[in-house]
Each structure stands twice: as C-alpha cells, then as structure tokens.
Enquirer: 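My questions all concern the structure below.
Residues: numbered from 1 along the sequence shown.
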Amino acid sequence: MNDLSVEFRGVSKHYPHFNLDNIDLELPTGSIMGFIGANGAGKSTTIRILMGLVHQDKGTVNVLGHPMPADQTEAKLDIGFVSEDMRLYGAATLKWHMEFVSSIYPRWDQAYAEKLVRRFDLKPQQKIKGLSHGQRVKAALLLALARRPRLLVLDEPTTGLDPVARKEVLGELMAVLADEDRTILFSSHNTQDVEQISDQITFIDHGRIIDSDDKECFLDHWRRLRLVMPQNTELPHLPGVIDVGGSGRLPVLTTNCFDPAMLSVCQDLGATIQAVDNMTLEEIFVTSVQHRRETLAV
C-alpha cells in the first residue's frame with residue numbers, strides 16, 4: 001500500500017514569464033510538510049496542480065491514490081483547502097456556511113465544528129462580511145477541518161493574522177495530527193510558523209525544488225563555525241561549506257553537513273573555535289536560496 005498522500009514525479013508547467021520545472025515531491029501520510037518559498041517561487045502553482053485547478057504540462061501527480069487531474073472529483077472529497085485569499089459569501093452567516101458544507105460532505109462532524117466555533121471564538125449567527133481578516137481565516141479553517149479531510153492543504157493561511165489568532169490556528173493544526181492518518185501541506189514564506197508545526201520541510205525557489213528533508217535533519221546538519229585564524233594561515237578546505245563570511249582572521253563558515261571532526265581539522269591548523277552556532281530554519285532557507293542563485297549565476 002502506498003503510504004504517500006501526495007506524489008509529484010517530473011511535474012512541469014510553463015507560463016510566459018514563469019516555469020515550474022521538473023518537480024519531484026513526496027508527502028508521507030500522517031506528516032506535516034512545510035512548503036517554503038518566497039513570493040513568486042512556485043508554491044501556489046504547485047498547490048493548484050495538486051488540487052486539479054491547473055493541469056501540468058508534463059509529469060504525474062497522485063493525491064490520496066488518485067491521478068490528478070483525471071480523478072480530482074473523487075480526490076477532493078478527502079481534501080480540505082484553506083487559502084489566505086479564500087472568499088466566503090459575505091452576506092451569509094457562518095451558520096449558513098456550516099449547514100451548506102455539511103450538506104455536501106458526508107463526513108462532516110457537527111460536534112467538532114461546534115468545538116471549533118468555541119475554540120476560535122466565532123459567532124455562527126454573524127455574517128461573514130462583519131468578520132475581521134483573522135476571523136475569516138479561522139472560519140475557513142473550521143469549514144475545512146470539520147469535514148475531517150484526510151489531506152489538509154493550506155496556502156499561506158497565517159498571512160495577516162495577529163499573534164493571538166496565529167497561535168490559535170497553529171495550535172489547532174497541531175491537534176489535527178492527533179489522528180496519524182491525517183496529512184497537512186502547509187505553504188508559507190513565514191519560516192517561524194513552518195518550523196513550529198512541521199516535521200517535513202521542502203524549499204522551492206524560481207520554480208524548482210532546491211531541498212527537501214525531515215525538519216530535524218535540516219536543523220542537525222546546518223551550522224555556522226566562527227573561527228579565529230592565525231596570521232598567514234589559509235582557511236581549511238572542509239566538505240559542505242557553502243558560504244564563507246566574516247573577514248580576515250575572523251571567518252564565519254556555513255556548512256550544510258556539519259561533522260564534529262571539522263573542528264579538529266580547524267584546530268590542527270591553529271585556528272581557535274569561537275563558536276559553533278545552530279541555525280534557524282529561516283537562516284537555512286535564505287542561505288540555501290542564495291547559494292543556489294550564486295551557483296547558477298557562475
């Protein structure tokens with residue numbers, strides 16, 4: 001049995017001013033993948049292809065065992081989608097939306113929906129047009145979650161939320177994974193949100209996947225080494241060093257495959273190890289993108 005909820009193989013899409021190029025992507029069932037990229041990197045195009053809203057020019061896409069876009073109708077019964085620019089009916093109440101969605105999706109969980117109403121501090125009788133931006137995002141999330149989808153696709157859901165609303169939304173997403181068969185694809189340029197809830201990370205830039213791995217692997221493998229070098233001593237050649245900063249006798253080396261043996265090599269040359277710094281996911285993402293762009297520019 002395939003344990004992948006989402007599988008892209010060699011997927012490409014051409015537009016006049018943008019190309020999604022040869023995307024390979026695997027999202028294991030029961031995981032939360034943070035899909036990170038700057039605005040215009042290709043996140044939304046990838047998600048539209050996943051949802052069957054855009055047809056790929058080449059390559060294959062399988063979602064919950066369904067080939068896309070051919071079986072998109074069946075697949076979407078088990079997919080919940082939330083986007084920061086999703087539009088609900090402004091003149092209708094939240095209660096109307098809940099009743100409408102529950103009439104379409106047989107797995108609608110009314111008890112869970114009512115729990116989310118309380119947790120998100122929403123009022124079912126209030127019209128959508130009277131809700132704040134944060135309340136609208138929470139309403140859209142409620143409508144998706146109460147369907148009990150096997151796959152939840154979130155496209156920049158926390159953009160524009162205040163800190164309290166963001167914490168509420170992220171907390172509920174963590175609770176969703178109490179069911180090990182539920183899967184989330186979380187697209188964002190906010191690495192702090194992604195780092196908080198994800199166990200898988202994928203970076204995309206200029207329409208290409210540049211790295212994908214377990215979150216802990218990223219955080220374990222990346223380091224910044226701050227050195228003090230003796231006079232007239234060259235920097236050692238160390239594997240995996242993708243950036244050299246600092247100046248003169250105070251270099252700062254960034255590596256994506258840290259090994260403690262690197263420190264011994266530096267010390268054998270007379271270098272003093274000032275610090276070995278862990279890196280945040282944001283620092284890792286920015287360095288990865290810059291390194292790729294510099295490599296392509298050579």
Side-chain angles (χ1 to χ4, degrees), residues 2-8 25-37 43-44 46-53 61-66 68 71-88 97-98 101-102 104-113 115-117 119-120 122 134 136-159 161 165-190 193-202 204 212 215:
N2 194 334
D3 61 352
L4 298 177
S5 289
V6 176
E7 184 177 20
F8 279 55
L25 183 66
E26 294 184 350
L27 177 54
T29 297
S31 65
I32 300 181
M33 176 176 283
F35 192 40
I36 302 175
K43 302 187 304 295
S44 293
T46 303
I47 286 176
R48 290 188 184 105
I49 291 173
L50 182 157
M51 295 293 297
L53 301 175
V61 178
N62 280 277
V63 179
L64 301 175
H66 298 284
M68 301 292 280
D71 287 357
Q72 61 175 295
T73 300
E74 292 182 43
K76 286 177 181 176
L77 290 174
D78 287 319
I79 302 174
F81 176 68
V82 177
S83 172
E84 58 102 7
D85 61 356
M86 181 175 287
R87 298 290 180 263
L88 302 176
H97 282 83
M98 293 168 64
V101 174
S102 67
I104 299 173
Y105 294 96
R107 284 206 300 272
W108 176 269
D109 187 334
Q110 183 62 26
Y112 184 40
K115 175 183 175 182
L116 291 175
V117 165
R119 180 164 185 161
F120 288 162
L122 296 171
R136 292 185 189 187
V137 172
K138 288 189 284 187
L141 188 60
L142 180 156
L143 295 172
L145 289 175
R147 289 170 41 205
R148 296 292 189 183
R150 291 165 56 198
L151 172 63
L152 189 60
V153 179
L154 307 173
D155 188 11
E156 300 280 2
T158 57
T159 298
L161 295 183
R166 177 181 286 113
K167 183 176 181 181
E168 290 173 340
V169 168
L170 294 177
E172 189 56 37
L173 294 181
M174 293 292 288
V176 167
L177 273 220
D179 179 352
E180 63 182 13
D181 292 328
R182 208 169 308 280
T183 309
I184 297 177
L185 178 65
F186 187 106
S187 166
S188 182
H189 63 268
N190 189 323
D193 289 352
V194 170
E195 185 169 359
Q196 181 176 340
I197 73 167
S198 301
D199 48 41
Q200 302 278 326
I201 301 293
T202 294
I204 186 170
S212 187
K215 178 181 70 177

Enquirer: Any non-hydrogen side-chain atom of H189 less than 4.5 Å from a side-chain atom of T159?
Expert: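 In short, these two side chains touch, coming nearer than 4.5 Å.
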Enquirer: Once you round to the nearest 0.5 Å, how far does CZ of F8 lie from CD of E26?
Expert: 12.0 Å
Enquirer: Is R148 atom CZ crowded by more than 12 heavy atoms from other residues, nucleotides or ligands, each under 6.0 Å away?
Expert: yes
Enquirer: Output, in order, the C-alpha distance, side-chain angles, deciding distance and verdict of side-chain contact (heavy atoms from CB on, under 4.5 Å) for W108 and M98.
Expert: CA-CA 9 Å; W108 176 269; M98 293 168 64; 3.9 Å; yes
Enquirer: Do F35 and D155 have side chains that get closer than 4.5 Å, going by heavy atoms?
Expert: no
Enquirer: If I compare all heavy atoms of T158 with all of R166, which pair ends up nearest, and what's the gap?
Expert: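 Looking at all heavy atoms of both residues, the shortest contact is O-NH2, 3.5 Å.
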Enquirer: Quick one: closest heavy-atom pair of V137 and P157, and the distance?
Expert: CG1-O, 3.2 Å
Enquirer: Take R107 and L77 through the test side-chain contact (heavy atoms from CB on, under 4.5 Å) and record every step on the way to the result.
Expert: CA-CA 9 Å; R107 284 206 300 272; L77 290 174; over 6 Å; no
Enquirer: Using a 4.5 Å cut-off on heavy atoms from C-beta on, say whether the side chain of M86 contacts that of R136.
Expert: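 No, side chains not in contact.
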Enquirer: Would you give the length of the straight line joining atom NZ of K167 to atom CG of L161, rounded to the nearest 0.5 angstrom?
Expert: 14.5 Å
Enquirer: Does a donor on one side chain sit under 3.5 Å from an acceptor on the other, for S188 and D193?
Expert: no
Enquirer: Taking all non-hydrogen atoms of both residues, which atom of I47 and which atom of S187 are closest, and how far apart?
Expert: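 So the two residues come closest at CD1-CB, 3.5 Å.
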Enquirer: Roughly how far apart are L27 CG and N62 CG, rounded to 0.5 Å?
Expert: 13.0 Å
Enquirer: Roughly how far, to the nearest 0.5 Å, is the OG atom of S5 from the CG atom of L152?
Expert: 11.5 Å
Enquirer: Would the distance check show the side chain of D199 and the main-chain N or O of I32 forming a donor-acceptor pair, the cut-off being under 3.5 Å?
Expert: yes
Enquirer: Is L143 close to Y105 at the side-chain level, that is, under 4.5 Å between some pair of heavy atoms?
Expert: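 No, side chains not in contact.
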Enquirer: Checking K76 side chain against M51 main chain: does a donor-acceptor pair fall under 3.5 Å?
Expert: yes
Enquirer: Could you check whether any side-chain heavy atom of L116 comes within less than 4.5 Å of a side-chain heavy atom of L141, counting everything from C-beta outward?
Expert: no
Enquirer: For a quick test of reading the model, state the closest non-hydrogen atom pair linking T29 to L4 and the distance between them.
Expert: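 Scanning both residues, the minimum pair turns out to be OG1-C, 3.8 Å.
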Enquirer: Start with the C-alpha gap between L50 and L185, add the side-chain angles, then the distance that decides, and say whether side-chain contact (heavy atoms from CB on, under 4.5 Å) holds.
Expert: CA-CA 11 Å; L50 182 157; L185 178 65; 3.8 Å; yes
Enquirer: Looking at R182 and P149, would you say the former's side chain and the latter's main chain have a donor-acceptor pair under 3.5 Å?
Expert: yes
Enquirer: Checking the side chain of K138 only, and the main-chain atoms of F120 only, is there a donor and an acceptor separated by less than 3.5 Å?
Expert: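 A pair under 3.5 Å: yes.
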Enquirer: Between atom CD1 of I49 and atom CE of M68, what is the distance when rounded to the nearest 0.5 Å?
Expert: 10.5 Å
Enquirer: Working note: L145 + V82, criterion side-chain contact (heavy atoms from CB on, under 4.5 Å); need CA distance, chi angles, decisive distance, verdict.
Expert: CA-CA 10 Å; L145 289 175; V82 177; over 6 Å; no
Enquirer: I'd like to know whether NZ of K215 has more than 12 heavy-atom contacts from other residues, nucleotides or ligands below 6.0 angstrom.
Expert: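 Correct, the count exceeds 12.
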Enquirer: What distance do T202 atom OG1 and I36 atom CD1 have between them, rounded to the nearest 0.5 Å?
Expert: 8.5 Å
Enquirer: Does any part of the side chain of R119, heavy atoms only, come nearer than 4.5 Å to the side chain of E168, both counted from C-beta?
Expert: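 No; the side chains remain at least 4.5 Å from each other.
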